[in-house]
Protein chains: 2
Amino acid sequence: MGVACPEGPRDARNDDEDGESGVSHATQEAASATGRFERAGIDKFEARRAELADAALATLGELGLARTSLREIAQKTDFSHGVLHYYFRDKVELITYCVRRYKEHCVTRYDAIVAESPDAATLSERFADALVATLLDDTAMHRLWYDLRTQAMFDGALLPTVVDLDRQLEDMIWRVVSQHAELAASDVALSRAGVYAVFDGLFEGSLQRHLAGDTAATGRLRTDAVVLLTRLMAEPSS
Amino acid sequence: MGVACPEGPRDARNDDEDGESGVSHATQEAASATGRFERAGIDKFEARRAELADAALATLGELGLARTSLREIAQKTDFSHGVLHYYFRDKVELITYCVRRYKEHCVTRYDAIVAESPDAATLSERFADALVATLLDDTAMHRLWYDLRTQAMFDGALLPTVVDLDRQLEDMIWRVVSQHAELAASDVALSRAGVYAVFDGLFEGSLQRHLAGDTAATGRLRTDAVVLLTRLMAEPSS
DNA sequence: GCAGGGTCTTGACAGTTGTCAAGAGATTCC
DNA sequence: GGAATCTCTTGACAACTGTCAAGACCCTGC
């Protein structure tokens, strides 16, 4: 008995976009729009999704995208591997959901520093310290992000999510650098994309060397970040 | 008939290192040291290795490490998939051989510019142009390199090759930047690793946006590279 | 021209993967 | 308490992977 499974809450996910967009952050909206679930049901559904996504993030950060299978993710939970296809349409939706979930925890990481630093020198020092701190604390998550971003160069299905998140990270860095410029009464010498790219390169390089056993990597990151931030300031083009 | 296959030229590869080093560029030395093959035989063997490696590079650049199978590589050649295990011990040896082969074509890419630029401004312009040129010409190879480097953060088997090649790329960039500093009678404000990291970040970011369809990416790369190179010069700390 | 060894093909193996259908439990609501 | 629905498990599927053994082809040297 009970053949309700194949058309269970599966249509709570975004069936509205059958096309090529692939981006699927419309889950909650779609579900509440149908009106099929009362509040408690949706919350429970979303809570389990989040729980599974956290297990997936742990596995992905540990093994990388290529080596992470759905069965291995499920093994990190109390459920069997089949449950993942009940809460996520396929692997791509699971991964994009994971990354978007992770994003929210880090895209405002430096905003407090930006808001509270009284002068340019303080801002640059605190920013550099924060860079080092997150490299050490969230090593696996950063590694996963770089994996995902690189994979998007080959797999178009990941591209929309990566482009979106990359833009938010660019904004995050730009807030730091433009505020530094304001405090220093200067302009920024590089393009917005360029500013993000150089700090991202500095961070990625430090992460890689840190993971490869270079114990001096974080120290270099700190000093280089301060120097770079200062160097990117130009006299205002009056 | 002919059971010579299992112990064919397989021992021409480096069986001397059974340990954990994993790096295997001692092929020619090992083969010639045994004295089992006359010159023509070795050359033929090496030529086929190179041929297969080129097909592998094409496939890897197109699909990425995760999606490239040995059968798909062989499909790009006139041979069947079994031949790859005749010329390479396993997938890791094939990949490292490929990357080391590719490396030699690009690690001296800017040396002529360094040697022949009469002043700092010329050097920076030519360097930026060369960056754009190789991004456009060797897109797939660069994408493959970033894939490999990212994968090395998860898979230790790739680490030695990546670390070695990364150091050579760092040297390559350092030659440009230190020469620029000399021509400008300045010092470099960043660490050697930092200098490489920021230019690498600039390049990687431009590559990603270029692949994502951003037609302005290469233009920004050019101007940003010139500005960055200039900004990294510090007054000599007399 | 024949033996021998280098070269390559074929076919299979064991393992893994994403996916999904069938159904069993559990929960909720009347 | 029973029916409907949500939740989750089980087991299977087809496809794919790296690997390798068996043998066929080919080419050279005697």
Side-chain angles (χ1 to χ4, degrees), chain A residues 1-13 31 34-52 55-56 59-60 63-75 77-95 155 157, chain B residues 1-13 31 34 36-49 51-52 55-56 59-60 63-75 77-95 155 157:
Chain A
M1 56 198 58
V3 209
C5 162
E7 284 306 317
R10 178 147 295 172
D11 51 356
R13 301 200 278 292
T34 64
R36 277 185 57 179
F37 309 101
E38 58 272 44
R39 209 92 278 287
I42 294 180
D43 290 354
K44 208 173 157 192
F45 188 77
E46 267 305 314
R48 179 109 318 158
R49 261 170 88 95
E51 179 186 355
L52 293 172
T59 314
L60 287 165
L63 300 175
L65 252 88
R67 299 176 185 276
T68 296
S69 69
L70 298 180
R71 282 170 177 82
E72 206 137 10
I73 293 172
Q75 215 166 342
T77 72
D78 294 332
F79 308 105
S80 72
H81 69 274
V83 82
L84 288 166
H85 278 91
Y86 181 72
Y87 286 98
F88 301 94
R89 188 194 311 141
D90 53 22
K91 200 181 180 184
V92 172
E93 199 211 319
L94 169 60
I95 288 175
D155 185 359
Chain B
M1 54 199 71
V3 210
C5 161
E7 284 305 316
R10 177 146 295 173
D11 51 356
R13 301 201 278 291
T34 62
R36 277 185 55 178
F37 309 102
E38 57 273 43
R39 211 91 281 287
I42 295 179
D43 290 352
K44 207 172 156 192
F45 188 77
E46 268 304 314
R48 180 111 316 161
R49 264 170 86 95
E51 180 186 354
L52 293 173
T59 313
L60 287 165
L63 301 176
L65 253 89
R67 300 175 186 277
T68 297
S69 69
L70 297 179
R71 282 171 177 82
E72 207 137 10
I73 293 172
Q75 214 166 343
T77 72
D78 294 331
F79 308 106
S80 72
H81 70 274
V83 81
L84 287 166
H85 278 91
Y86 182 72
Y87 286 98
F88 300 94
R89 188 196 311 140
D90 53 22
K91 201 181 179 182
V92 173
E93 199 211 318
L94 169 61
I95 288 175
D155 185 0

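Quick note on labels: first sequence line is chain A, next is B, and so on, each numbered from 1.
Between B/Arg71 and B/Leu84 the shortest side-chain heavy-atom distance does not fall below 4.5 Å. You'll find the side chain of B/His85 reaches within 4.5 Å of the side chain of B/Leu70, heavy atoms only. By the 4.5 Å heavy-atom criterion applied to side chains, A/Arg67 and B/Asp155 are counted as neighbours. Side-chain atoms of A/Phe88 and A/Leu52, non-hydrogen and from C-beta on, do get closer than 4.5 Å to each other.
If you take CZ of A/Phe79 and P of C/dG25, they are 17 Å apart, rounded to a whole angstrom. Here C/dG18 presents its P atom at 9 Å from CD1 of A/Ile95, a figure rounded to the nearest Å. Rounded to an integer number of Å, the gap from B/Lys91 NZ to D/dT17 C1' is 8 Å. Spacing between atom CG of A/Leu52 and atom C1' of D/dT7 amounts to 12 Å, rounded to whole angstrom units. For B/Phe88 and C/dT7, the CZ to C1' distance is 15 Å, given to the nearest whole Å. Rounded to whole Å, the distance from CD on B/Glu93 to P on D/dT19 is 11 Å. Look at CG on A/Leu84: it is 13 Å from P on C/dC20, rounded to the nearest Å. With rounding to whole Å, B/Phe45 atom CZ is found 11 Å from C/dG6 atom P.
Side-chain atoms of B/Arg71 and base atoms of D/dT19 include a donor and an acceptor less than 3.5 Å apart.
Using bins of under 30°, 30° to 60° and over 60° for the plane-to-plane angle, the ring pair A/Phe45/A/Tyr87 lands in the tilted bin.
Listed candidates were D/dG18, D/dT9, C/dT9. Nearest to the side chain of B/Ser80 is C/dT9. The nucleotide whose nearest atom lies closest to any side-chain atom of B/Ser69 is, among D/dT17, C/dT9, C/dT17, D/dT17. Nearest nucleotide to the side chain of B/Tyr87, out of C/dG18, C/dT9, C/dT7: C/dT7. The side chain of B/Tyr86 lies closest to C/dT7, out of D/dT7, C/dT19, C/dT7.
Position along DNA chain C of the nearest nucleotide to A/Leu70 versus B/His81 favours B/His81 as the more 5'-ward residue.
Within 4.0 Å of B/Thr77, counting heavy atoms only, lies no atom of the nucleic acid at all.
Between A/His85 and C/dC20, a side-chain N or O to OP1/OP2 separation shorter than 4.0 Å is absent.
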